[in-house]
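Please read the structure below before turning to the comments.
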Number of protein chains: 2
Amino acid sequence: MHIQPLTKGEQTRHRILDLAEKAILQKGFASTSIEELIAAAGITKSGFFYHFRDKNDLARALLARYLERDEVIFNDLFARADALHEDPLHGFLVFLKLLADLMSDLPNGHPGCVVASYCYQDQLFSRDVREMTAEGVRIWRARFRQRLDRIVEKYPPKLDVDLDTVAHMVAVVIDGGIILSKNLSEPRYLPQQVLMFRNFIRLLFLGP
Amino acid sequence: MHIQPLTKGEQTRHRILDLAEKAILQKGFASTSIEELIAAAGITKSGFFYHFRDKNDLARALLARYLERDEVIFNDLFARADALHEDPLHGFLVFLKLLADLMSDLPNGHPGCVVASYCYQDQLFSRDVREMTAEGVRIWRARFRQRLDRIVEKYPPKLDVDLDTVAHMVAVVIDGGIILSKNLSEPRYLPQQVLMFRNFIRLLFLGP
DNA sequence: GGGAAAACCGGACTCTCGGTACAGTAAAAA
DNA sequence: TTTTTACTGTACCGAGAGTCCGGTTTTCCC
């Protein structure tokens, strides 16, 4: 797997997406103007519309890139965790620790979740974009559900719980933690929440 | 405590706020136009600006009302829970059950959290509005922290946890659960998350 | 180095939105 | 009845949003 160089067009496209993502996570999609993006990117309006059909197309591209990156990040974290621990439960616990570490390392705190941001403005987007966010959440659930299935084979849970709900909770804690951190301007709250969820997993499968 | 009748002006003001809240939770603040609100409320633009100085003032009033209502709802739930159980831990567990029930009873699912909605568009609001959201979260934390302090006196936790982080987690689970439910259009996921958090509290203070 | 495709530029056009100003009026409260 | 309260009506403005088209430069590839 080698990295192929980006064409000039792809570079510009990524530059626009970077600027758009930052702006959208702070002001929302509607109040992020195309004009401000092209001004910051150093291109003209026509240049923008060469890359994106319309504003909704920008939203779609942004979300697609965000979901792809998430996939890469989580695959990497799981791979690193699995390399350290063969046991499914302890692998998962290590993963959560790595995740919390990753979030602690973000200097200005987590910039925000595009999916969460879209969810409070979903009427702005076309149906296919909304379906993308839903599909993204389902993929998350499936990924963690798979891990949990392997855990319960070896560690019967101390309480009778629905594993899909536990799998959902990963996303819930992250999205809720981001909101908490943003609201109180305290980046450390997010990793704290992840570690508290980790405590829950420990208690649930391992006990005190 | 008796309810005093609303003046006509207060009725209109509330009607505007109702419409604004619903719209803002679906489209975001920026794309909720004053024009659409007055059309739906059956008043004119002048009527709107009689009640609110500008759009930011609308945002402030909306948030203030939301926080006040939250306070009333949670006071009521705690009062009902405390009436059933004197014990702090079991009172808290009953509270969480009542909260989950309340959320299950919302026919179209939870409409959304104004604080969470504002958080992904905070650059749109004046400093005082942002400070209000932060203060709202702090009040939440203080409320739950107080309960947890009373619990630990009687039930030493099975793990060494920071109680502020546990207190934060109530808001985290609710805000994250709302996002989950909205994204997958499945209202039941939110109460499920609350009950899963309840499981965590049980395991933490009571054990399996 | 030449041609084709990719990557943009310039500018114009239409719409909506937030906000202002101000004069007047109906209805409710005192 | 008088005085607030709660609006209506109209007219206006500047800013900015999204869109479109015809042209021009830049880059890539042979």
Side-chain angles (χ1 to χ4, degrees), chain A residues 3-24 26-63 65 118 121 123-126 128-129, chain B residues 2-24 26-63 65 118 121-126 128-129:
Chain A
I3 298 157
Q4 50 193 340
L6 295 176
T7 66
K8 198 192 172 202
E10 285 168 329
Q11 280 177 27
T12 306
R13 196 183 154 90
H14 269 92
R15 215 164 63 245
I16 297 172
L17 288 173
D18 285 339
L19 292 163
E21 183 166 324
K22 184 178 286 184
I24 284 173
Q26 288 181 0
K27 306 188 302 186
F29 181 71
S31 33
T32 297
S33 70
I34 294 174
E35 221 126 336
E36 80 180 87
L37 296 178
I38 62 176
I43 57 170
T44 63
K45 222 171 213 180
S46 323
F48 175 88
F49 285 103
Y50 172 77
H51 290 285
F52 305 99
R53 214 176 307 119
D54 51 27
K55 218 188 168 190
N56 191 74
D57 192 35
L58 172 69
R60 178 175 26 239
L62 193 59
L63 179 59
R65 195 183 67 155
Y118 279 21
Q121 317 172 39
Q123 293 298 320
L124 298 181
F125 307 111
S126 62
D128 59 320
V129 172
Chain B
H2 68 103
I3 298 156
Q4 50 194 339
L6 294 176
T7 66
K8 197 192 173 202
E10 285 167 329
Q11 280 178 27
T12 305
R13 196 182 153 89
H14 268 93
R15 215 164 63 246
I16 298 172
L17 288 173
D18 285 339
L19 292 163
E21 184 165 323
K22 184 179 287 186
I24 285 173
Q26 289 180 359
K27 306 189 302 185
F29 182 72
S31 34
T32 297
S33 70
I34 294 174
E35 230 127 316
E36 81 179 85
L37 296 178
I38 62 178
I43 57 170
T44 63
K45 214 173 213 179
S46 321
F48 177 89
F49 285 104
Y50 173 77
H51 289 285
F52 304 99
R53 215 175 305 121
D54 51 27
K55 218 188 168 191
N56 191 74
D57 192 35
L58 172 70
R60 179 174 28 237
L62 192 60
L63 179 59
R65 195 183 67 153
Y118 279 21
Q121 317 172 39
D122 59 358
Q123 293 299 321
L124 299 181
F125 307 111
S126 61
D128 59 320
V129 172

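Note that the structure is predicted; figures quoted are calculated from it, not measured. Note on naming: letters A, B, ... go to the chains in the order of the sequence lines (proteins, then strands), and numbering restarts at 1 for each one.
For B:His51, no side-chain nitrogen or oxygen approaches OP1 or OP2 of D:dT5 to under 4.0 Å.
Each end of the helix from C:dG1-D:dC30 to C:dA30-D:dT1 gets its own axis, taken as the rotation carrying the C1' atoms of four end pairs onto the next four within a five-pair window, and the two axes meet at 40° to the nearest 10 degrees.
Between the P atom of C:dA7 and the NE2 atom of A:His14 lies a distance of 14 Å, rounded to the nearest Å. Following rounding to the nearest Å, B:Ile16 (CD1) and D:dA6 (C1') show an atom-to-atom distance of 11 Å. In this structure, B:Ile38 places its CD1 atom 13 Å from P of D:dT10, rounding to the nearest Å. Remark: P of C:dC17 and CG of B:Asp54 are 17 Å apart, rounded to the nearest angstrom. When rounded to the nearest whole Å, the span between CZ of B:Phe48 and P of D:dG9 equals 18 Å. Atom P of nucleotide C:dC8 and atom CZ of A:Phe49 are separated by 15 Å, given to the nearest angstrom. A:Ile43 has its CD1 atom 12 Å from the P atom of C:dA7, to the nearest Å. In this structure, NZ of A:Lys55 is placed 9 Å from C1' of D:dG18, rounded to the nearest angstrom.
Taking each heavy atom of A:Val129 and A:Arg60 in turn, the nearest pair found is CG2-CB, 3.9 Å.
Note: B:Leu19 CG to B:His14 NE2 = 12.5 Å, rounded to the nearest 0.5 Å. Taken to the nearest 0.5 Å, the CG atom of B:Leu62 stands 5.0 Å off from the CD1 atom of B:Ile24.
Ion pairing of A:Arg15 with A:Asp18 is absent here, as no side-chain N (NZ or NE/NH1/NH2) approaches a carboxylate O to less than 4.0 Å.
Between B:Ile43 and B:Tyr50 the shortest side-chain heavy-atom distance does not fall below 4.5 Å. Between B:Leu17 and B:Leu58 there is a side-chain heavy-atom pair separated by less than 4.5 Å.
Checking C:dA6, C:dG19, D:dC7 against the side-chain heavy atoms of A:Tyr50 singles out C:dA6 as nearest.
Using a 4.0 Å heavy-atom cutoff across all strands shown, B:Ser31 reaches no nucleic acid atom at all.
A distance-only check finds a donor-acceptor pair linking the side chain of B:Gln121 to the backbone of B:Phe29 [under 3.5 Å]. A donor-acceptor pair is defined here as one N or O able to donate and one able to accept, closer than 3.5 Å; such a pair exists between the side chain of B:Lys55 and the backbone of B:Thr32.
By the salt bridge (charged side-chain N to carboxylate O under 4.0 Å, His left out) test, A:Lys27 pairs with A:Glu36, sequence neighbours left out.
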Can you name the atoms? Protein N/O to nucleotides 10-16 of chain C N/O, anything below 3.5 Å, with the distance.
residue	atom	partner	partner atom	Å
C:dG10	N7	A:Ser46	OG	3.0
C:dG10	O6	A:Ser46	OG	2.1

